[in-house]
Amino acid sequence: FLGIGFSAYVFAMYHTTVANTLFIISTETIFLALFGYIFLKEKINLITLISIIMGMSGVLLIIESSLSIQSSSQFFGNIVAFIMPISFAVLIVIVRKYPKVDMVPAQFIAGIFALIIGFLMSGKILISAHDIFLGFLAGFMQLGFGFILITIGAQRTPSAMVGIIMLTEAVLGQLWAWMFINEQPPFIVIIGGAIVIFAVLLQFYNLYFLEKKTA
């Protein structure tokens, strides 16, 4: 599932906008909460539901000016992009279902599957040393190392909470752009980022303080 999700992410980028892809990926929060409720019987209380709505609203504010559907190709790219959040939600549910099983090697297997899919879909293989280096940075730092930490953390964290934390990706992306390439974010982006961060903190409060009081 994860290998197909990796491939769908790259494929979607070729057919739709980055903003569309990022917003669709943010729906992983909904899929995680839904799958966690169906397959793991993890309850979704009112505060968690509010956090999900607030977090996705914040992401929408961050990227809403770039959202668009201009062609049938872009619409198809949007549909394909939905494979990524669904595959991620499946991964987290499996990790949550079997917390004592080491799922970190699954990241390697997912990479092999994505490699095979990419090979089969490529007309020809012509990769420069520079592209191999960029691929290594993306595969190791952005995907590999990040998903390893997510897999380990998901063993002890409710599915909905994982999804809400993942929404900070949209906020941090803007932060890195400001820090490293001096890209000044619009005021509405700052507002959206603040809403996302507040949603995450609200869910932390819900998970670690309110639940302890009722335990």
Side-chain angles (χ1 to χ4, degrees), residues 1 5 9 12 17-69 78-79 81-97 99 146-147 149-178 185-215:
F1 270 96
Y9 175 78
T17 64
V18 174
N20 285 15
T21 304
L22 288 176
F23 180 70
I24 290 170
I25 289 176
S26 75
T27 62
E28 65 197 6
T29 307
I30 298 175
F31 287 113
L32 277 167
L34 182 63
F35 290 179
Y37 176 77
I38 295 173
F39 298 106
L40 304 175
K41 308 303 179 185
E42 293 181 346
K43 295 182 179 180
I44 305 173
N45 59 31
L46 181 60
I47 293 181
T48 297
L49 182 60
I50 292 173
S51 298
I52 291 173
I53 295 173
M54 287 184 60
M56 291 200 64
S57 299
V59 172
L60 185 59
L61 282 177
I62 291 172
I63 61 178
E64 59 86 20
S65 62
S66 302
L67 291 175
S68 64
I69 299 179
N78 292 341
I79 297 300
F82 271 105
I83 297 175
M84 183 60 190
I86 293 173
S87 68
F88 176 76
V90 171
L91 168 70
I92 298 302
V93 167
I94 292 174
V95 172
R96 294 284 299 154
K97 183 72 174 180
F147 269 91
L149 294 178
I150 291 170
T151 302
I152 295 172
Q155 293 176 331
R156 299 175 177 83
T157 308
S159 303
M161 182 67 187
V162 174
I164 293 171
I165 292 175
M166 290 296 293
L167 291 178
T168 58
E169 179 181 10
V171 180
L172 294 176
Q174 301 294 327
L175 179 62
W176 305 148
W178 173 67
F187 182 71
I188 192 67
V189 170
I190 297 175
I191 297 297
I195 292 174
V196 173
I197 297 301
F198 181 78
V200 174
L201 293 176
L202 180 64
Q203 183 59 12
F204 267 114
Y205 175 77
N206 172 54
L207 183 64
Y208 293 106
F209 291 98
L210 293 185
E211 289 191 0
K212 280 185 178 181
K213 290 180 179 180
T214 58

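Note that the structure is a prediction, hence the values are computed from the model and not measured. In this chain, residues are counted from 1 in sequence order.
Between Phe31 and Phe35, the ring planes are tilted. Angles from 30° to 60° get that label.
The shortest distance between side-chain heavy atoms of Val162 and Pro158 does not fall below 4.5 Å. No side-chain heavy atom of Phe39 sits under 4.5 Å from any side-chain heavy atom of Lys97. By the 4.5 Å heavy-atom criterion applied to side chains, Ile24 and Met84 are not counted as neighbours. Using a 4.5 Å heavy-atom cutoff, the side chains of Ile25 and Met166 are not in contact.
Listed here is the closest heavy atom pair of Thr168 and Ile197: CG2-CD1, 4.2 Å. Scanning all heavy atoms of the two residues, the minimum distance from Lys43 to Tyr37 falls at CA-CD1, 4.5 Å. The heavy-atom pair separating Val200 from Met161 by the smallest distance is O-CE, 4.4 Å. A pairwise comparison of heavy atoms in Met56 and Ser26 identifies CE-OG, 3.7 Å as the closest pair. Counting all heavy atoms, side chain and backbone alike, Ala160 lies closest to Ala33 at CB-CB, 4.1 Å. Nearest approach of Val196 to Gly55, heavy atoms of both residues: CG2-O, 3.5 Å.
With sequence neighbours excluded, the residues that form a side-chain contact (heavy atoms from CB on, under 4.5 Å) with Leu34 are Ile38. Applying the side chain to side chain donor-acceptor pair (under 3.5 Å) test to Glu28 and every residue at least two apart in sequence or in another chain returns nothing. Under the rule for a ring pair (Phe, Tyr, Trp, His ring centres under 6.0 Å), the partners of Phe147 that lie at least two apart in sequence or sit in another chain are Phe6, Phe88. Applying the side-chain contact (heavy atoms from CB on, under 4.5 Å) criterion to Ile190, with sequence neighbours excluded, gives Pro185. Applying the side-chain contact (heavy atoms from CB on, under 4.5 Å) criterion to Phe1, with sequence neighbours excluded, gives Ser87, Val90. Checked against side-chain contact (heavy atoms from CB on, under 4.5 Å), Ile191 has the following partners two or more places apart in sequence or in another chain: Leu61, Phe187, Ile195.
Residue pairs meeting the side chain to side chain donor-acceptor pair (under 3.5 Å) criterion with at least one partner in residues 152-161, sequence neighbours excluded, are Glu42-Ser159. Among residues at least two apart or in separate chains, there is no side chain to side chain donor-acceptor pair (under 3.5 Å) pair with a member in residues 192-202.
Ser51 OG to Ile44 CD1: the interatomic distance, rounded to the nearest 0.5 Å, is 11.5 Å. In this structure, the separation between CG on Leu32 and CG on Leu40 is 10.0 Å, given to the nearest 0.5 Å. Between atom CD1 of residue Ile150 and atom CD1 of residue Ile165 there is a gap of 9.5 Å, rounded to the nearest 0.5 Å. Rounding to the nearest 0.5 angstrom, the gap separating the CD1 atom in Ile164 from the CD atom in Gln203 is 4.0 Å.
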Go through it in stages, so that I can follow the logic: the residues are Ile83 and Tyr9, the test is side chain to side chain contact (heavy atoms under 4.5 Å, CB included), and I'd like the CA-CA distance, side-chain angles, deciding distance and then a yes or no. CA-CA 8 Å; Ile83 297 175; Tyr9 175 78; over 6 Å; no
